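Predicted model only: the values in this text are computed from it and were never measured. By convention in this document, chain letters (A, B, ...) are assigned in the order of the sequence lines, proteins followed by strands, and residues within each chain are numbered from 1.
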2 protein chains.
Amino acid sequence: MTRASPRPNLAIGAYRHLKRDIIRGAYTPGEKLRMSDLKTRYDLGVGPMREALSQLVSERLVTAVSQRGYRVAEMSIKELEDLYDARAQLEGLVLELAIARGGDDWEAQILAKAHALSKVLEVHSADDMLDIWDARHQAFHGAIAAGCDSPHLLQTRAWLFDQAERYRHLWLCQTVFSAEALDAKRREHAALTDAILARDAATACTMMREHLMTPVPIIKEVLREQGLV
Amino acid sequence: MTRASPRPNLAIGAYRHLKRDIIRGAYTPGEKLRMSDLKTRYDLGVGPMREALSQLVSERLVTAVSQRGYRVAEMSIKELEDLYDARAQLEGLVLELAIARGGDDWEAQILAKAHALSKVLEVHSADDMLDIWDARHQAFHGAIAAGCDSPHLLQTRAWLFDQAERYRHLWLCQTVFSAEALDAKRREHAALTDAILARDAATACTMMREHLMTPVPIIKEVLREQGLV
DNA sequence: CGGCTTAAAAATATCTACATTTTTATAAAA
DNA sequence: TTTTATAAAAATGTAGATATTTTTAAGCCG
């Protein structure tokens, strides 16, 4: 008899909640995270709160200075550019390996997820639309990456993804609510799928890197508009 | 007036100490880390100890199950192979970018570090020898990687490095105390340096990937000998 | 009168000790 | 041998004590 999920402790809950809030932009970059405020906001003691913050420091979403508390990590154009470049390069590598290593099941999964993504047309509420499209979009790219068959490379990919998610969220809001942008993405995904299934590594990797870099100018603009940098 | 390093709090000290102990093999993989033991061993309260453990969980050196405490992460042949493969692939990518992006200063630094590494011949005590050779070896590879000019790729590289360090430590002990092994490494490093300075990306990347994979069979053997798997 | 230093006060972060809950080990009974 | 009841051990959470930083205000010199 195995208990799949022993009741998670408060620190884990706080970690998830706080991480989500940071990613969704509930705090402004660089904002001070006062213990007393956090305690009341998340209705917790200092112990669990500190644990959650420690983990977020490890993930670089929060910065800490000894005896001077915690702050939400800063955002910057410079970081945005490097982060997306790193992601694009890594994704290119992962895709190259996936094309070399992936089997029939890998191909099938890509087709399945691509199909699911292309069908997000039904009418949904705005928030639902964002969540559903994003979930399927991630599933599609995840299916592609999975072919590299390396837990540690995938872990690394997930780690960079988390780092980028605050920026990415800004882009999502711009893209999901624009029929035009969505359509452009649909075409990119279709072309990418074709190149991958044709096992054309050179073309596919180049397309993937470019695909991942397209959000950068859009995010830059939003960052400036919203005065986040 | 800036205080470069405000006195670090106890959690940071505990984190460093515990991490070092895990990497150096002071605990056996999978060993339970009891709070009461840790408290006495590191002479600390539970608060700081928990913070340190939380960070190590983020870094996957420790595993946690809610309400059932912490354990040193397991080691396995499977993980060893994936970890080193991931590292080799990433290092290949980083090197490719470095050759494309690195400038004169990058080349100079590589030569400097390569020279320092090749000169570790003077007689040292055994422990000194290990520390000095390792430090210079890391500096050499670090100088090469730095050329990719991407903080996030380098961060990612450092993260995989940390993951591998427990395995790597086993290899170091085998290599540093063998004049023959050291000499083989010296030749590999020299050839690598030549290919890099010649900006021969294809050759250099292949050599780098192979260079990083050479420890794997040695570590496998040690793991089996010491019954760690 | 204004800028600078110094000193007290408030706010904040950090740590320890204790209380509570949950898990694990032990022993008795079926 | 398996199951169940009990006791011990361990993890988790809270509250209060301590140390550090930041703010505020007063004093001093130019």
Peer 1: Contact class for B:Leu33 vs. all strands (heavy atom < 4.0 Å): base, sugar-phosphate, or nothing?
Peer 2: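 Counting heavy atoms under 4.0 Å across all strands, the contact made by B:Leu33 is with sugar-phosphate only.
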Peer 1: Measure CZ/A:Arg71 against C1'/D:dT21 and give the value in whole Å, please.
Peer 2: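 Those two atoms, CZ and C1', are 13 Å apart.
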Peer 1: Picking from C:dT12, C:dT16, C:dT23, which would you name as closest to the side chain of B:Leu10?
Peer 2: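 For the B:Leu10 side chain, the nearest candidate turns out to be C:dT16.
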Peer 1: Taking the minimum atom-to-atom distance to the side chain of B:Lys32, which one of C:dC15, D:dT12, D:dA10 wins?
Peer 2: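 Selected nucleotide (nearest to the side chain): D:dA10.
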Peer 1: Without decimals, in angstroms, what is the distance between A:Met35 CE and C:dA10 P?
Peer 2: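 A:Met35 atom CE is separated from C:dA10 atom P by 24 Å.
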Peer 1: From OH of B:Tyr70 over to C1' of D:dA11, roughly how many Å is that when rounded to an integer?
Peer 2: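 B:Tyr70 atom OH is separated from D:dA11 atom C1' by 9 Å.
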Peer 1: For the side chain of B:Val46, starting at C-beta, report the closest nucleotide among C:dT14, D:dT21, D:dG13.
Peer 2: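 Within the option list, the nearest is D:dG13.
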Peer 1: To the nearest angstrom, how far is B:Arg50 atom CZ from D:dA10 atom C1'?
Peer 2: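 Roughly 11 Å, once rounded to whole Å.
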Peer 1: Which nucleotide sits closest to the side chain of A:Pro48: C:dT23, C:dT16, D:dT14?
Peer 2: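 For A:Pro48, the side-chain atoms sit closest to D:dT14.
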Peer 1: Figure out the CD/P separation between A:Glu51 and C:dA13, and round it to whole Å.
Peer 2: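 After rounding, the reported distance stands at 17 Å.
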Peer 1: Under 4.0 Å, counting only non-hydrogen atoms across every strand here, what does B:Lys39 touch: a base, just sugar-phosphate, or nothing?
Peer 2: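 Contact class for B:Lys39: none.
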Peer 1: Are A:Lys19 and A:Asp162 within salt-bridge range, i.e. N to O under 4.0 Å?
Peer 2: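 Answer for the salt bridge query: yes.
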Peer 1: Between the side chains of B:Arg101 and A:Asp85, is the shortest nitrogen-to-carboxylate-oxygen separation below 4.0 Å, so that they form an ion pair?
Peer 2: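 A salt bridge is present here (some side-chain N lies under 4.0 Å from a carboxylate O).
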Peer 1: When you check the phosphate oxygens OP1 and OP2 of D:dA10, does a side-chain N or O of B:Arg34 lie under 4.0 Å from one of them?
Peer 2: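 So the side-chain polar atoms of B:Arg34 do come within 4.0 Å of the phosphate oxygens OP1 or OP2 of D:dA10, strictly under.
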Peer 1: Are a donor atom and an acceptor atom from the side chains of A:Gln163 and A:Arg87 found within less than 3.5 Å of each other?
Peer 2: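 A:Gln163 vs A:Arg87: no donor-acceptor pair found between side chains.
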Peer 1: Using whole Å, what does the distance between atom P of nucleotide C:dT22 and atom CD1 of A:Ile12 come to?
Peer 2: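 Going from A:Ile12 (CD1) to C:dT22 (P), I get 15 Å.
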Peer 1: Stepwise, does the side chain to side chain donor-acceptor pair (under 3.5 Å) test hold for A:Glu59 with A:Tyr15?
Peer 2: CA-CA 11 Å; A:Glu59 297 180 27; A:Tyr15 161 78; 2.4 Å; yes
Peer 1: Please give, in whole Å, the distance from C:dT14 P to A:Leu38 CG?
Peer 2: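 After rounding, the reported distance stands at 12 Å.
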Peer 1: Please determine, for the side chain of A:Asn9, which listed nucleotide (C:dT24, D:dG13, C:dA13) has the closest atom?
Peer 2: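 Nearest nucleotide to the side chain: D:dG13.
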Peer 1: Are any of the side-chain nitrogens in A:Glu91 or A:Arg209 under 4.0 Å away from the carboxylate oxygens of its partner?
Peer 2: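 No.
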Peer 1: How close or far is atom P of D:dG13 from atom CG of A:Asp43, stated in whole angstroms?
Peer 2: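 Nearest whole value for this atom pair: 13 Å.
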